[in-house]
Amino acid sequence: MERLVINIPESKSTLVKQILKGLGVMIQQESQSTPSKYRKKLENVATWLEEDLSIFEESKRAFGDLKTEQW
């Protein structure tokens with residue numbers, strides 16, 4: 001099987017796809033990542049404030065203050 005990439009004007013896209021499907025051509029949609037899709041994904045990323053991160057610093061200090069017990 002041969003792979004062929006063609007550019008079709010938007011106004012003729014549906015017609016060309018119908019003709020090609022009638023001839024038995026398999027049409028694969030390319031997953032094009034547009035900047036707007038990428039931006040929407042980034043908007044869902046959680047952001048942390050300094051207050052949120054302070055708990056990690058406190059925990060790190062608490063572990064640093066632990067002393068080993070003498071037996």
Side-chain angles (χ1 to χ4, degrees):
M1 193 171 279
E2 185 177 348
R3 181 181 175 113
L4 178 65
V5 178
I6 58 174
N7 293 320
I8 305 168
E10 289 293 324
S11 61
K12 303 292 183 180
S13 177
T14 306
L15 175 64
V16 172
K17 287 179 183 178
Q18 288 174 349
I19 293 170
L20 291 174
K21 284 181 183 178
L23 293 172
V25 175
M26 293 184 339
I27 298 176
Q28 290 181 329
Q29 295 292 330
E30 288 188 31
S31 60
Q32 295 178 349
S33 181
T34 61
S36 61
K37 288 181 184 178
Y38 183 70
R39 189 173 293 128
K40 285 180 184 178
K41 285 183 182 179
L42 284 177
E43 287 174 355
N44 293 329
V45 174
T47 56
W48 294 28
L49 302 172
E50 287 295 323
E51 300 157 357
D52 300 329
L53 298 174
S54 66
I55 190 75
F56 293 109
E57 289 298 321
E58 290 172 17
S59 300
K60 187 167 78 172
R61 274 188 251 119
F63 277 112
D65 294 340
L66 289 176
K67 306 282 188 233
T68 56
E69 289 186 27
Q70 295 288 350
W71 289 75

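The model shown is predicted, which means the values in this text are computed figures rather than measured ones. Side chains are part of it too, since the values below use all heavy atoms of this structure and drop only hydrogens, waters and symmetry mates.
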For this session: Can you measure from CD1 (Ile19) to NZ (Lys12) and round to the nearest 0.5 angstrom?
Result: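 The CD1 atom of Ile19 sits 10.0 Å away from the NZ atom of Lys12.
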Exercise. In Å and rounded to the nearest 0.5 Å, what is the CD1 to CG distance from Ile6 to Leu4?
Worked result: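 Nearest 0.5 Å value for the CD1-CG distance: 6.0 Å.
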Exercise. Excluding sequence neighbours, so at least two apart, what forms side-chain hydrogen bond (donor to acceptor under 3.5 Å, both in side chains) with Thr47?
Worked result: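 By the side-chain hydrogen bond (donor to acceptor under 3.5 Å, both in side chains) rule, Thr47 matches no residue at all.
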Exercise. Which residue pairs satisfy the ring pair (Phe, Tyr, Trp, His ring centres under 6.0 Å) criterion with at least one member in residues 2-26, sequence neighbours excluded?
Worked result: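 Residue pairs with at least one partner in residues 2-26: there are none.
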Problem set entry | Glu51: salt bridge (charged side-chain N to carboxylate O under 4.0 Å, His left out) partners, not counting sequence neighbours |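 Not a single residue meets the salt bridge (charged side-chain N to carboxylate O under 4.0 Å, His left out) criterion with Glu51.
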Applying side-chain contact (heavy atoms from CB on, under 4.5 Å), can you list everything that pairs with [X], at least two apart in sequence or on another chain?
{"X": "Lys17", "result": "Ser13, Ile27, Gln29"}
{"X": "Glu10", "result": "none"}
{"X": "Asn7", "result": "none"}
{"X": "Arg61", "result": "Glu57, Glu58"}

For this session: Please write out which residues are connected to Met1 in a hydrophobic cluster, directly or through intermediates, given that two of Ile, Leu, Val, Met, Phe, Trp, Tyr count as joined at side-chain heavy-atom separations below 4.5 angstrom.
Result: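 So far as hydrophobic clustering goes, Met1 is joined with Met26.
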